[in-house]
2 protein chains.
Amino acid sequence: MKATRTDVAKLAGVSTATVSNVLNQSGKVKEETVHKVMEAVKALDYRPDMIARSMSTNRTMQVGIVLEDISNPFFGEIARGFESAANEKNYFVNICTGFNKLDDYFDNFITRRLDGVFVTALPYKFKVNKLYDLVERGIKIVTSGNVEVDYRRIASIENDYIFAMKEAMEYLYGMGHRDIAYLSGLGRNLPYDLRCISYKNMVNKLELSCRDSLLIDGKYPYATSMTEGYDAANRLMSLGHKFTAVICGNDLMALGAMKAFRESGFLIPEDVSVMGIDGISFGKYWEPSLTTMAVDQNRLGRKAFELLYADMMEDTISYYRNTLELTIRKSTAKCCR
Amino acid sequence: MKATRTDVAKLAGVSTATVSNVLNQSGKVKEETVHKVMEAVKALDYRPDMIARSMSTNRTMQVGIVLEDISNPFFGEIARGFESAANEKNYFVNICTGFNKLDDYFDNFITRRLDGVFVTALPYKFKVNKLYDLVERGIKIVTSGNVEVDYRRIASIENDYIFAMKEAMEYLYGMGHRDIAYLSGLGRNLPYDLRCISYKNMVNKLELSCRDSLLIDGKYPYATSMTEGYDAANRLMSLGHKFTAVICGNDLMALGAMKAFRESGFLIPEDVSVMGIDGISFGKYWEPSLTTMAVDQNRLGRKAFELLYADMMEDTISYYRNTLELTIRKSTAKCCR
DNA sequence: CTGAAAGCGCTTACAG
DNA sequence: CTGAAAGCGCTTACAG
């Protein structure tokens, strides 16, 4: 019932090789033959079988994207950008939620022979060695947020969180804030929270007296959604130290944190300024709207695919650094305390 | 370099058929042989090739989920539920954003021979006939929100929006509201917005004087994110009719709508009560927190896979109706006007 | 410009 | 309990 190459060839009165040549547009088939074949294809509603094709070409035209958290619209937008770039090049994309064991995913990538994968999950969810495994088996990788991978072996696209945090701190400092907290969501000892490293640098550089006492770590297993922001804000308040501004690891956490502050009677931004990092569109609609360091998510996703494509096509392993943009809205204000 | 069945067989001193039997746990291989084979597998770091396997078994062990909008955490949670259920049965899942042309996706499903697909996108984004195409080619389908498909041919899982809207209306009515608006996001003439149909029924049944004048349609190409809620709320206000409560097509729209109302000086819930439908976790953190008709998203996703699995395994096509739960928070209050 | 044939890495009756 | 062999639907040198 399902039409195959053979059926088409038979109907068109040619060989299967010719059908292949027509379908793959090799351009070396007579016009007339092309026509006959296309007629047959249409008549049989024939669809090529990618599985079979993969067997002989050794390419699946499938790529994957591993997300830190699919429920965070930040990653959703990145996935969309990645996917539309991939589709333009005829790749099919597998979006992986990151909810389940990532190591299992990686095994699946091998077993299903994906051509390439964009990994934007943090390595506390998987073993970094798995990445090299993939590379050795010919699966191209682009990574993001995995500071410790070898940039010569694996292409990377990184948001410049060091600079972003610097800019955020300077912005708040410029507004008169001297007691600036940072809710990490991750941990101060995890090497890949660049924001945290930058925060500590800036605390020193600006000579803020708070030291690290306003740095709130996340709890294992780390997550960075609203709940974590909410909890971290409560932990910050329970510490009893003075703070007039708070930067959060990402926007979602900032929204959760605002909730906590409000519940404790703080006005935002009058009593406390709150900033996020990411630039999800939700922030604009929040009350008050969220000041943030914004990533152009769609562009980041597209760029990630470009890096992957370059690697798949010409074995080019490159590194791209993305700059975040200070987006001032209503959740921050001059310090009046 | 990449180890194949043949390599394993050679190293273990058996035939490739035996290797297959071991790996597929057919249980008819001598303990000793099993051991030898497993040793060889380990020594070579051999991984079975699913592509090749698919060629002979005629199953890919891949299923897809087509989402209406990946940036809406409602669908993200559903995807997570679906995926974890699928993984438990050793299926790999393709999440499709729905951002690009859905019809192209469907062609891909055929070409890549997915075993099944859960389609939770609304049909203004694709041709319903495509669904039947898939079924005819042996790809099992579970659909949601596609009211017009033939339930005998395609399994379905539907949220009971008729009842949910009824409950929402009765709740607001019970609080004294008589001028209740509905921001659809879709259109009053689209058959698959059950909420809309139910709204109209209830307006009659409760003998509300507003008639349809408070029903706000979406604009083509329909979308249901915050922006649409924001725009629809502004359109509602520009109409100049009195309203004291607003139900929105989904939570995201409700959040956008709140923003618009507030910008126009309305207090929520004092001046206007706002309700959503979906139950995304964001609603809890919003200020004020959102009253909604909640879906257990994770459960819905899991259930959808179960339906799909039943269809794949035993050709059982079934229908499941999911009930939403009234979740009262701070965005609604007694009518005082 | 076109066709015959080998090969991609598996599985699965079937024989032994 | 194990192996030889056909087959899944393509592609791709190679010969003609």
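Letters A, B, ... are given to chains in the order of the sequence lines, protein chains preceding strands, and every chain is numbered from 1. In this text, all values refer to a predicted model and were calculated from it rather than measured experimentally.
Using a 4.5 Å heavy-atom cutoff, the side chains of Ile157(B) and Arg321(B) are not in contact.
One can place CG of Asp49(A) at 13 Å from C1' of dC8(C), the figure rounded to the nearest angstrom. To the nearest angstrom, C1' of dT2(C) lies 16 Å from CG of Leu23(A). The distance between atom CG of Asp7(A) and atom C1' of dC10(D), rounded to the nearest whole Å, is 13 Å. Per the geometry, CZ belonging to Arg5(B) stands 12 Å off C1' belonging to dT12(C), to the nearest Å. In this structure, Asn21(A) atom CG and dA13(D) atom P are separated by 11 Å, rounded to whole Å. Whole-Å rounding puts the Arg47(A) CZ to dC10(D) C1' distance at 17 Å.
Within residues 51-64 of chain B, the residues that place at least one heavy atom under 4.0 Å from DNA chain D are, in residue-number order, Met55(B), Ser56(B). Residues of residues 106-116 of chain A having a heavy atom closer than 4.0 Å to DNA chain C: none are found.
Not counting sequence neighbours, the partners of Arg53(A) by the side-chain hydrogen bond (donor to acceptor under 3.5 Å, both in side chains) test are Asn24(A). Residues satisfying the ring pair (Phe, Tyr, Trp, His ring centres under 6.0 Å) test with Tyr91(A), not counting sequence neighbours, are Phe305(A). In this structure, the ring pair (Phe, Tyr, Trp, His ring centres under 6.0 Å) partners of Tyr151(A), at least two apart in sequence or on a different chain, are Tyr319(A). Not a single side chain to side chain contact (heavy atoms under 4.5 Å, CB included) links Ser56(B) to another residue, sequence neighbours left out. In this structure, Arg59(B) has no salt bridge (charged side-chain N to carboxylate O under 4.0 Å, His left out) partners at least two apart in sequence or on a different chain. In this structure, Asp133(B) has no side-chain hydrogen bond (donor to acceptor under 3.5 Å, both in side chains) partners at least two apart in sequence or on a different chain. Applying the side chain to side chain contact (heavy atoms under 4.5 Å, CB included) rule to Leu11(A) yields the partners Ala40(A), Ala43(A), Leu44(A); only residues at least two apart in sequence or on another chain are considered. With sequence neighbours excluded, no residue forms a ring pair (Phe, Tyr, Trp, His ring centres under 6.0 Å) with Phe74(B).
Within the 4.0 Å cut-off from OP1 or OP2 of dG3(D), not a single side-chain nitrogen or oxygen of Thr16(B) is found. Under 4.0 angstrom from either OP1 or OP2 of dG3(C) there lies at least one side-chain N or O belonging to Thr18(A).
Applying the ring-ring contact (aromatic ring centres under 6.0 Å, His included) test to every pair with at least one member in residues 107-134 of chain B, sequence neighbours left out, gives these pairs: Phe82(B)-Phe118(B), Phe106(B)-Phe109(B), Phe106(B)-Phe126(B), Tyr124(B)-Tyr222(B).
At a threshold of 4.0 Å, the pair Asp103(A)-Lys127(A) counts as salt-bridged, since one of the basic side-chain nitrogens sits closer than that to a carboxylate oxygen.
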Which dot-bracket string fits DNA chain C when only Watson-Crick or G-U wobble pairs with both atom distances under 3.5 Å count, crossing pairs get [ ], and | stands for a partner on a different strand?
-> |||.||||||||.|||
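Among the nucleotides dC10(D), dC10(C), dG3(C), the one closest to any side-chain atom of Ala17(A) is dG3(C). Relative to the side chain of Thr4(B), the nucleotides dG3(D), dC10(C), dC10(D) differ in distance, and dC10(C) lies closest.
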